[in-house]
Amino acid sequence: CPRIERPKSGAQVPDRLTDPLLRALEQTRWPPLPQRSGIQAEQYLILHWGKRNDGYEDLSALLVELLDWADPRYGCTMVAVTKNFQGSPHVDANDVTYQ
């Protein structure tokens, strides 16, 4: 069964949000081991909202700012930050919202 493509349009993220985020990502000290097994990624980091993210406070704050710009009503509890992630098209059984 062929996959159905659903084209969506979006908005360009302002440089005032992307530039500091890119700098923070370039300076990120990744955990010695990925925080999730079985994922094809060079690096994998999970940041939690409402919990301490020791060593990642600046990155967390920049991500909060980005998510607030995108949708201030979105109820995010954690964000996965990856480097060179390799995924495949799929539908998550428990998460069918925007990916």
Side-chain angles (χ1 to χ4, degrees):
C1 176
R3 296 188 186 272
I4 298 171
E5 290 187 23
R6 296 184 180 103
K8 301 288 181 186
S9 60
Q12 184 168 342
V13 180
D15 291 344
R16 67 176 176 78
L17 296 173
T18 58
D19 290 349
L21 188 52
L22 178 59
R23 284 192 297 277
L25 288 168
E26 289 171 340
Q27 297 172 5
T28 295
R29 291 183 58 216
W30 296 94
L33 297 172
Q35 294 181 338
R36 185 170 173 194
S37 62
I39 299 295
Q40 293 183 353
E42 185 178 324
Q43 302 290 347
Y44 196 99
L45 167 67
I46 300 171
L47 299 175
H48 299 268
W49 270 221
K51 294 183 181 179
R52 292 178 57 159
N53 293 295
D54 293 335
Y56 302 101
E57 295 84 2
D58 293 343
L59 180 58
S60 295
L62 291 167
L63 289 168
V64 166
E65 189 176 356
L66 174 65
L67 291 172
D68 283 347
W69 172 84
D71 185 353
R73 296 167 292 149
Y74 184 71
C76 182
T77 57
M78 65 181 70
V79 171
V81 181
T82 65
K83 182 176 183 181
N84 295 329
F85 174 79
Q86 296 177 20
S88 61
H90 68 282
V91 175
D92 291 325
N94 296 320
D95 184 4
V96 293
T97 61
Y98 299 106
Q99 299 291 313

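Values below: all heavy atoms of this structure, side chains included; hydrogens, waters and symmetry mates excluded. Since this is a predicted model, take the numbers as computed values, not measurements.
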- prompt: Nearest heavy-atom pair of A80 and Y44: which atoms, and what distance?
  reply: CB-OH, 3.4 Å
side-chain contact (heavy atoms from CB on, under 4.5 Å) evaluation trace for L21 with V13: CA-CA 11 Å; L21 188 52; V13 180; over 6 Å; no
message: With a 4.5 Å cut-off on side-chain heavy-atom distances among I, L, V, M, F, W and Y, is there a chain of contacts connecting L22 to L63?
response: no
query: Would you say the side chain of L45 lies within less than 4.5 Å of the side chain of L59, judging by non-hydrogen atoms?
result: yes
field: D54: side chain to side chain donor-acceptor pair (under 3.5 Å) partners, not counting sequence neighbours
entry: R52
- prompt: Is a donor on one side and an acceptor on the other found under 3.5 Å between the side chain of Y56 and the backbone of R29?
  reply: yes
message: Once salt bridge (Lys or Arg N to Asp or Glu O under 4.0 Å) is applied, what residue pairs with a partner in residues 60-75 remain, sequence neighbours excluded?
response: R16-E65, D71-R73
query: Under 6.0 Å from the CG atom of N53, do we count more than 12 heavy atoms belonging to anything else shown?
result: yes
message: Can you tell me how far apart OG1 (T77) and CH2 (W49) are? Round to the nearest 0.5 Å.
response: 9.0 Å
message: With heavy-atom distances below 4.5 Å as the criterion, would you say the side chains of I46 and V81 are in contact?
response: no
query: Can you name the nearest heavy-atom pair linking L62 to P20, along with the distance?
result: CD1-O, 3.6 Å
By side-chain contact (heavy atoms from CB on, under 4.5 Å) - contacts of N84 (at least two apart): E42
